[in-house]
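Fair warning: this is a prediction, and the values are worked out from it, not measured in the lab. Order of the sequence lines fixes the chain letters, A, B, ..., with proteins taken first and strands second; residue numbering starts at 1 for each chain.
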Number of protein chains: 2
Amino acid sequence: MKPLKRMTKQRKIILDVLQSTTCHPTADWIYEQARKELPDISLGTIYRNLQHLVQEEEIQELNYGSTFRRFDGNTGLHYHFVCRSCGQVMDVDMPVLRDLNGEAAQVVGGLVEDHRLEFYGICRSCLDKNQGIEEKKECLT
Amino acid sequence: MKPLKRMTKQRKIILDVLQSTTCHPTADWIYEQARKELPDISLGTIYRNLQHLVQEEEIQELNYGSTFRRFDGNTGLHYHFVCRSCGQVMDVDMPVLRDLNGEAAQVVGGLVEDHRLEFYGICRSCLDKNQGIEEKKECLT
DNA sequence: TTATATGCAAAATGTTTGCGTAACG
DNA sequence: CGTTACGCAAACATTTTGCATATAA
């Protein structure tokens with residue numbers, strides 16, 4: 001973990017929020033959480049810090065088929081499952097496919113640094129209450 | 001290939017643009033191309049048709065670490081490589097990992113319908129002219 | 001003490017939508 | 001002909017930015 005340039009209380013809270021949840025929150029959800037601690041924090045500060053933390057590789061950014069981003073406090077390589085019904089994003093605890101990068105490098109002929117793998121489908125809890133479209137949950141705690 | 005509800009000249013052009021390029025264009029690039037044929041086409045029409053074509057599974061939507069989407073006329077399962085320097089997205093012609101979905105299903109316990117795999121790194125042409133940051137190419141024809 | 005970060009509000013970006021008109025089948 | 005799609009422009013949601021002030025090191 002590299003040292004950050006400055007650890008403000010705002011930055012600390014944002015990092016805390018991300019590291020103390022297993023969900024994959026949006027900027028807005030992080031904002032709501034952070035405001036419980038620091039009511040005057042601004043959304044601009046949330047975005048500036050998220051950008052900063054991504055650059056410092058303290059967190060990672062996720063992007064699925066939606067208009068907004070999600071963030072993940074877990075920077076280790078791991079895979080995700082996205083439920084098409086409720087929109088929930090969960091970690092998939094399966095072994096990392098280490099030789100994939102080399103395989104791809106042979107094909108594309110460039111430098112392959114890493115990869116990202118996402119699964120799509122319907123999660124168990126949506127299957128159970130097997131109905132049409134659930135209301136989307138932004139984040140489950 | 002399911003029949004589309006109506007094949008307007010606008011929809012045809014959008015489909016043509018996507019199917020006659022191996023790049024993975026943004027809505028805006030598609031708009032520029034379509035305007036060469038049909039100068040009065042509107043961006044709203046582009047978006048409406050892209051959405052429609054995704055639903056009909058005539059094209060697929062891609063989403064990477066950026067603020068905008070890309071689209072792909074190739075609906076078969078295949079993987080992508082994203083160059084961190086020039087932003088280009090290219091196909092990775094490697095075998096599809098068919099048993100991955102089953103593996104993930106065992107872990108998450110839901111229904112896993114499909115997966116998406118993306119590689120990140122620096123492409124050959126950026127490595128060759130090995131300089132800092134290239135100007136971003138939206139799409140190469 | 002000074003560079004870095006903040007809050008606020010305004011701007012920018014990418015996408016969607018309402019409405020009256022056009023045109024596919 | 002009736003329904004579906006269009007062009008246009010305004011609305012929307014998310015993210016970024018400029019500026020004057022505050023604060024961590």
Quiz item: Within 45° of the ring axis of B:Tyr120 and under 6.0 Å from its six-membered ring centre, is that where the NZ or CZ of A:Arg116 lies?
Solution: yes
Exercise. Could you give me the CA-CA distance, side-chain angles and deciding distance for A:Arg48 and A:Gln51, then say whether side chain to side chain contact (heavy atoms under 4.5 Å, CB included) is met?
Key: CA-CA 5 Å; A:Arg48 266 188 290 237; A:Gln51 190 175 292; 5.8 Å; no
Exercise. Could you encode protein contacts along nucleotides 16-25 of chain C as a string, one character per nucleotide from 5' to 3', using B for base contact, S for sugar-phosphate-only contact and - for no contact, with a heavy-atom cut-off of under 4.0 Å?
Key: BBB----BBS
Quiz item: What nucleotide among C:dT15, C:dG7, C:dA5 has an atom nearest to a side-chain atom of A:Arg11?
Solution: C:dA5
Self-check item: Between A:Asp93 and A:His78: side-chain donor-acceptor atoms closer than 3.5 Å
Solution: no
Practice problem: Decide whether B:Arg69 and B:Asn63 meet the rule of one side-chain donor and one side-chain acceptor closer than 3.5 Å. | Solution: no
In whole Å, what is the span from the [atom1] atom of [X] to the [atom2] atom of [N]?
| X | N | atom1 | atom2 | result |
| --- | --- | --- | --- | --- |
| A:Gln55 | C:dA5 | CD | P | 11 Å |
| B:Trp29 | C:dG14 | CH2 | P | 17 Å |
| A:Leu38 | D:dA22 | CG | P | 16 Å |
| A:Ile30 | D:dT14 | CD1 | C1' | 14 Å |
| A:Arg70 | D:dT14 | CZ | P | 11 Å |
| A:Arg35 | C:dT6 | CZ | C1' | 16 Å |
| B:Asp28 | C:dA12 | CG | C1' | 14 Å |
| B:Ile46 | D:dA9 | CD1 | P | 16 Å |

Exercise. Could you go through the side chain to side chain contact (heavy atoms under 4.5 Å, CB included) check for B:Gln88 and B:His24 one step at a time?
Key: CA-CA 8 Å; B:Gln88 192 186 173; B:His24 304 79; over 6 Å; no
Quiz item: Taking a pair as Watson-Crick (N1 to N3 plus N6-O4 or O6-N4) or G-U wobble (N1-O2 and O6-N3), both under 3.5 Å, which stems of 3 or more consecutive pairs involve DNA chain D?
Solution: C:1-25 with D:1-25
Self-check item: Ring-ring centroid check B:His115 A:Phe81, cutoff 6.0 Å
Solution: no
Quiz item: What's the spacing between A:Glu58 CD and A:Leu53 CG if we round to 0.5 Å?
Solution: 6.0 Å
Quiz item: Could you state the interatomic distance from CD1 (B:Ile30) to CD1 (B:Ile59), rounded to the nearest 0.5 Å?
Solution: 6.5 Å
Quiz item: Does a side-chain N-to-carboxylate-O contact under 4.0 Å join B:Arg84 and A:Glu113?
Solution: yes
